[in-house]
Amino acid sequence: MKKQPAVITGTVGMDAHVIGTKILSRALKDAGFNVVELGMQVPPEEFIEVTQKTKADAILISSLYGMAELDLRGFKEKCKEAGLKDVILYIGGVLGVGRQDFKEVEKKFKKLGFDKVYPPEANLKSVIEDLWNDLRAQGKA
Amino acid sequence: MKKQPAVITGTVGMDAHVIGTKILSRALKDAGFNVVELGMQVPPEEFIEVTQKTKADAILISSLYGMAELDLRGFKEKCKEAGLKDVILYIGGVLGVGRQDFKEVEKKFKKLGFDKVYPPEANLKSVIEDLWNDLRAQGKA
Amino acid sequence: MEIKVKQKRIDEDRFLEMRKEVLAQWPTGKEVDLEEAVAYQRSLPESKNFMKVTEKARKEGKTLIWPRAGTPVLEDEIALVKTLVDSGIRHIPVTIDSYSRLSQFDKAQRALEESIRTGRPMLNGYPIVNYGVKNTRKLVESVEAAFSPRGAVKLAMEIALASGMTASGKSSFLEFGSYEKRTTLEQCIEASQYTNRLTGYYADRGAIITTDLHGWVPSGVFPFSVNIACMIVDALVAAEQGVKSIMPQTHCEGHMAQDIAWMRLIPRLLREYLDKFGYKDVMLPGILANQLPLFPVPQSMGGAFAYLNYTAMVAALAEAEAVFVRTIDEGAGVATRESHALSYESANWILNIVRTQKIKFEIDGVETEEKVTEVEVRAMLDKLLELGDGDIVIGSIKGVEAGVLDSPFSPNINVKGNVLGVRDITGACRYLEFGNLPIPDEIKEFHREKIAERERAEGRKLDYHVAVEDLWALSKGRIVGVPTGA
Amino acid sequence: MEIKVKQKRIDEDRFLEMRKEVLAQWPTGKEVDLEEAVAYQRSLPESKNFMKVTEKARKEGKTLIWPRAGTPVLEDEIALVKTLVDSGIRHIPVTIDSYSRLSQFDKAQRALEESIRTGRPMLNGYPIVNYGVKNTRKLVESVEAAFSPRGAVKLAMEIALASGMTASGKSSFLEFGSYEKRTTLEQCIEASQYTNRLTGYYADRGAIITTDLHGWVPSGVFPFSVNIACMIVDALVAAEQGVKSIMPQTHCEGHMAQDIAWMRLIPRLLREYLDKFGYKDVMLPGILANQLPLFPVPQSMGGAFAYLNYTAMVAALAEAEAVFVRTIDEGAGVATRESHALSYESANWILNIVRTQKIKFEIDGVETEEKVTEVEVRAMLDKLLELGDGDIVIGSIKGVEAGVLDSPFSPNINVKGNVLGVRDITGACRYLEFGNLPIPDEIKEFHREKIAERERAEGRKLDYHVAVEDLWALSKGRIVGVPTGA
Ligand code: B12
Ligand code: B12
């Protein structure tokens, strides 16, 4: 049996919407992940530091307050600089200010380096399936 | 002073929506018209006959049930045949089945020979102003 | 003039003779085989029986939505009812087009053919006679829901029931007061006796069809005692012809205390009068709340949602078994499938949230409104029975002639039209002009005081113009009209 | 650790010293001239004073709509508030962006500049500090309405009040419980004492600013006794600093009997406790009903209209002076001007129609809910006063540490989080886990029975997963959650 995969969760920047990331974290734990829960208002740098320290396989970022794009510019590059080119990046929530076309949002955040982008109120069962698949593709599960 | 202009009102075809034409008729009376009120479900032919008999200056047709186009095909031609080429023709109500683009509706009924076409819940004050203007243009008021 | 129609069941032999004539009116009449139709009806599952669906809602504490659905082309109609059922609809009232409602089947046929050819609906409803039994069974069988034809004439009712529709909304007063121009009440009752007799024929053979009743629906703001008195007459007429299931359709004018009072009063008085005249076995499976006043102007989407949700809320609080909410397109024209779905999604949200709470409540004023209306209704029925010498049909016919039953803004030339209603300061409907309505003096005084109160508050006399302002009020986001300016 | 913050008014001298530091945080601080600002406030018409606008609504029997309005670029913000006022809005709460809420004015500045440059809003609110007094007065003067800054830190409040805003929604428990991660309650109370002291300073000079209070808003389905106890604490803290007008903001969880019970209980207990502690001259101009649970998913437009209409209906029935309805875009993101207009048109329809009727009513269950909550709130306040030896501030700080005040799903690491709420079978919020809340045994029994009733009905134990289902329920058109599947 492979080791239990480790993942990091939290809301980025100044976002105080913590309910989603809390529920997500609990669901990940219930699904057998080792979850490091950073809670709300996590600076991008903190996600990176904690990933280095814990050797986590994935970062799952929440953002609902609409300012994620500002918070996450250059995030993927910083991950790479920190030697985390393989870490899986997921993001979910309300990823812009105002009613958005999700297709556009997805494109934008994929360009920013995210592997998967989820609309508000994403189904957690399929999120977790996606995550297992991505981990398997990297030989980590 | 000119003679009191005479006008004919009613709903055409099988339309049972009589409230609008009743209110319109009363407003026309209050505004000094001589109103011949035919009520609901008036066959097109009856409008013509009564106009001939009363020498009315205008016919104001109501229709809400959506089937006015069917009821009024060839109506202007029949008016002409009956020697009523100058009679002013107004129509108002819900002039098609389903949500309509009023501009289209207006075009359609103007092509059918109507001088003015009104959307649902038209303002009766401006209707009456329009009517005085059209009568004046014919030297009838 | 001698009155020929009486409160008396049509003999079976005469009825079967009459049917031949009716069925001969259009070729599809030949498709109706009454015994086969009864068997077909009896083979239908409970989910297609109007009464059973309503009783189930009552048992489960649910308020079901009544839509209004009728579009000319069968395939479109099937698609529409599927959308409706997906939105949680279990009763499907099928609006019949205006030509068919007046037995002009040839006109309907031409318009139907044009609709099919052009892909543009040229009729404002489903031409059931033109489609006939075989086609309409396809419609009925397309979904798990109970069907009800709206505005069916004799032949249309024959086809509807043979096709498996399980309700028959045919009120003589609705026809007389809202759809007819020259027809007398006598003619309308005679027509409804036929359709009720047909319903009774099925009932005698174990297929229960429900008759839903409107009474005399006023064209505008008007207290509901005339409506309720006429609904009771309609119910007695139906029961005499053998109808075994009656569903009253009450109309909400928008004032909560009145609307709730009427919803409470109607089933109580219906039961009392049905029992009194010996129709104890007639069932009343539930009540349908309908919304009467003008819908918000087509431009006001916010107002449209508010009005339909308000109606749903009142129906849910009153624990009605069903509510007839309009779509957001009501003011604009026959609704699209999307408008239906969106509107019922909204109303269903309210109905589910409110009914789950099992709210029991008392509103100040309901008792007064119920009492006032009850006294008025009883006075009217007493007068009718007096005029008819005990025969409610004869009494009603004479009553209309005498203005004992009357309504404002009526299209029918046989209506006196000497009455008028306006709203009082809180939005309740009051009589402004009583005409010949047999309303007791102390009740008249009650209405006059309420009217005087508004007159003082607004510093003007209430009159015809105020009645017209009040007609538009709800549509513009108020319950009491305001001066529209010179 | 020693508690430094106490329930005591800040000396004027010390206050004026503190102000210097605050104003130095950003260049626009220089624009604030306190004496000029007081004079400006006093010159404002009643229509711009929050308390006066609320009192007028109360007198006229109206329920006003509170929108939520904050967009980064001043010109857009002015256009937005004009739309709002055209929709009948008289209170304008200005949402401040999230950077400014955390005093990160430099970040806000960069995002503001980018918003102006690109024409795309990059901030989720109006950066009031960056705009300063002169600009914000343009906003205040652009319409006839009373303004209230939402989420103003010290400097933001200085600028808001100097600009003519006349309310200050600053609840220490709201900050602590919903917006902060590491900050302690002590720090939050300290911050609120400053803004309340500033409000008191204006009040002493005849300019009445209203403080509106939330208490501790739970992140989910949870009975409201903790919230109400904290609201009372917030009110006492504000009153001690000289605040003279307080407007409680109650949160509706969607169960009518509970929501109405809480709306009745809150002003009654507030008055009692304010009087008891000697703040008899503090005015309570009215109450604001807010909607708490998750809004319908963005795809459900019908549900969105239903939910906002339902909230408006409940507020109107309870005769609240104001109601905070969300727009139909609530689930999707910051609303467009069109969504604002459409949503308030809809809510206003309900409010006008219901308030005009002057409905007096009684709902079964309101009395019980009011009594249960009252006993719980009193028990909590007693315990806090005991812990603080009579000082409500010290008691509250200790109370949070001890879990005497607690809340589920909190973002703040200083919160115990040992409590949980779920709905009962009718949708009422009940305690599932009591943690350390000082709830009397017989009341605990009441909650347990209600929970057992639902467990029996659903044949399952209620737990964390049910609490999550209940969180989503209203958003999906139900009031009680249903199993989401494995
Ligand atoms: C009341 C009503 C009825 C009543 C009518 C009572 C009566 N005897 O009048 C009853 C119940 C009988 C009825 C029946 C039907 N109705 Co209907 N009814 C309505 C309703 C709710 C209000 C209409 C009304 O009275 N408006 C008030 C008056 C004062 O307004 P108005 O007529 O627009 O008139 C004003 C102006 O437009 C103007 N005006 C009117 N005519 C004219 C003419 C001229 C020349 C001018 C200048 C101005 C002018 O002056 C008036 C004063 O401002 C509307 C929906 C709505 N709008 O809310 C549906 C509606 C008109 N009905 C409709 C339909 C389909 C029917 C039925 C087929 C089915 C049914 N619902 O039972 C039958 C048809 C009967 C028939 N043969 O016509 C549809 C029409 C669909 C379409 N066109 O796409 C509507 C739009 C509802 C809907 N969305 O489905 N209906
Ligand atoms: C509750 C709430 C708050 C609470 C938050 C309480 C708390 N501490 O968590 C409070 C009151 C504090 C708040 C504050 C604010 N809020 Co707020 N808030 C909401 C609200 C009503 C619900 C959010 C929520 O909790 N959803 C429930 C959770 C369970 O759902 P979720 O987060 O979507 O998560 C689910 C999925 O998306 C998924 N998921 C979430 N994250 C991730 C990540 C990954 C990787 C994956 C795979 C999945 C995933 O898993 C979850 C379970 O299914 C929404 C509107 C709405 N939707 O109804 C507005 C909303 C999010 N808020 C908004 C705003 C603007 C604010 C404020 C700026 C202003 C204000 N309203 O006061 C402040 C900002 C504070 C800050 N610094 O962030 C806006 C955002 C606007 C935008 N993006 O355009 C919204 C959309 C409302 C609106 N329309 O204006 N808010």
Side-chain angles (χ1 to χ4, degrees), chain C residues 87-88 254-260 296 299-310 312-314 316-317 328 338-339 341-366 423-428 473-480, chain D residues 87-88 254-258 260 296 299-310 312-314 316-317 327-328 338-339 341-366 423-428 473-480:
Chain C
S87 315
H255 186 269
M256 277 181 76
Q258 283 196 327
D259 291 340
I260 290 168
Q299 299 73 26
S300 167
M301 194 61 78
F305 272 110
Y307 186 20
L308 75 90
N309 284 325
Y310 175 68
M313 180 93 186
V314 173
L317 285 173
I328 48 176
E338 293 68 37
S339 301
L342 206 54
S343 306
Y344 307 141
E345 174 189 66
S346 206
N348 260 327
W349 194 101
I350 299 280
L351 296 171
N352 289 343
I353 281 27
V354 176
R355 292 301 310 258
T356 302
Q357 296 178 50
K358 302 187 174 58
I359 299 169
K360 295 278 168 244
F361 68 97
E362 269 314 319
I363 292 186
D364 266 20
V366 170
R423 294 193 186 267
D424 73 13
I425 206 170
T426 67
L474 273 181
S475 151
K476 302 199 167 148
R478 291 182 295 267
I479 190 167
V480 184
Chain D
S87 315
H255 186 269
M256 278 181 76
Q258 284 196 324
I260 290 168
Q299 299 74 23
S300 165
M301 194 62 78
F305 271 110
Y307 187 21
L308 75 89
N309 286 157
Y310 176 68
M313 181 91 185
V314 174
L317 285 174
T327 72
I328 48 175
E338 294 67 37
S339 299
L342 206 54
S343 306
Y344 307 141
E345 174 189 66
S346 203
N348 261 327
W349 193 101
I350 299 279
L351 296 171
N352 291 343
I353 280 22
V354 176
R355 293 299 313 257
T356 302
Q357 296 178 51
K358 302 187 174 58
I359 299 168
K360 296 280 168 242
F361 67 97
E362 270 315 318
I363 292 188
D364 265 20
V366 170
R423 294 193 185 268
D424 73 13
I425 206 172
T426 67
L474 272 180
S475 149
K476 302 199 168 149
R478 292 182 294 267
I479 190 166
V480 183

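Letters A, B, ... mirror the listed sequences (proteins, then strands); counts begin at 1.
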Side chain from CB out, backbone as N, CA, C, O: work out which of these in [X] comes under 4.5 Å of a heavy atom of chain D, or both, or neither.
X	answer
C/Leu308	neither
C/Val366	neither
C/Ser343	neither
C/Tyr307	both
C/Met301	both
C/Ile359	side chain

Problem set entry | Donor-acceptor contact below 3.5 Å, side chain D/Trp349 vs main chain C/Ser475 |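 Side chain of D/Trp349 to backbone of C/Ser475, a donor-acceptor pair under 3.5 Å: no, none is there.
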Problem set entry | Donor-acceptor contact present, side-chain D/Asn348 to main-chain C/Gly477, <3.5 Å |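 Pair absent, no side-chain N/O of D/Asn348 close to backbone of C/Gly477.
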Of the non-hydrogen atoms in [X] and [Y], which two are nearest, and what is the gap between them?
X	Y	value
C/Ile260	C/Val314	CG1-CG1, 4.3 Å
D/Phe305	C/Ser346	CB-OG, 4.0 Å
C/Ser87	C/Ala341	OG-CA, 3.8 Å

For this session: Heavy-atom pairs under 4.5 Å with chain C are the metric here; pick the option from D/Ile350, D/Ile353, D/Asp364, D/Ile363 that has the most.
Result: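 Highest number of heavy-atom pairs under 4.5 Å: D/Ile353.
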Problem set entry | Best-contacting candidate, D/Ala257, D/Ser300, D/Gly254, against chain C by heavy atom pairs under 4.5 angstrom | D/Ser300
Pairs of heavy atoms under 4.5 Å with chain D: top-ranked of [options]:
options	result
C/Gln357, C/His255, C/Arg355	C/Gln357
C/Leu351, C/Val480, C/Thr356, C/Ile328	C/Thr356
C/Lys358, C/Arg478, C/Glu345	C/Glu345
C/Thr426, C/Val354, C/Leu317, C/Asp424	C/Thr426

Exercise. Less than 4.5 Å apart, any side-chain heavy atom of D/Asn352 and any of C/Lys476?
Worked result: no
Is chain C contacted by the side chain of [X], its backbone, both, or neither, given a heavy-atom distance below 4.5 Å?
X	value
D/Met256	both
D/Asn309	side chain
D/Ile425	backbone

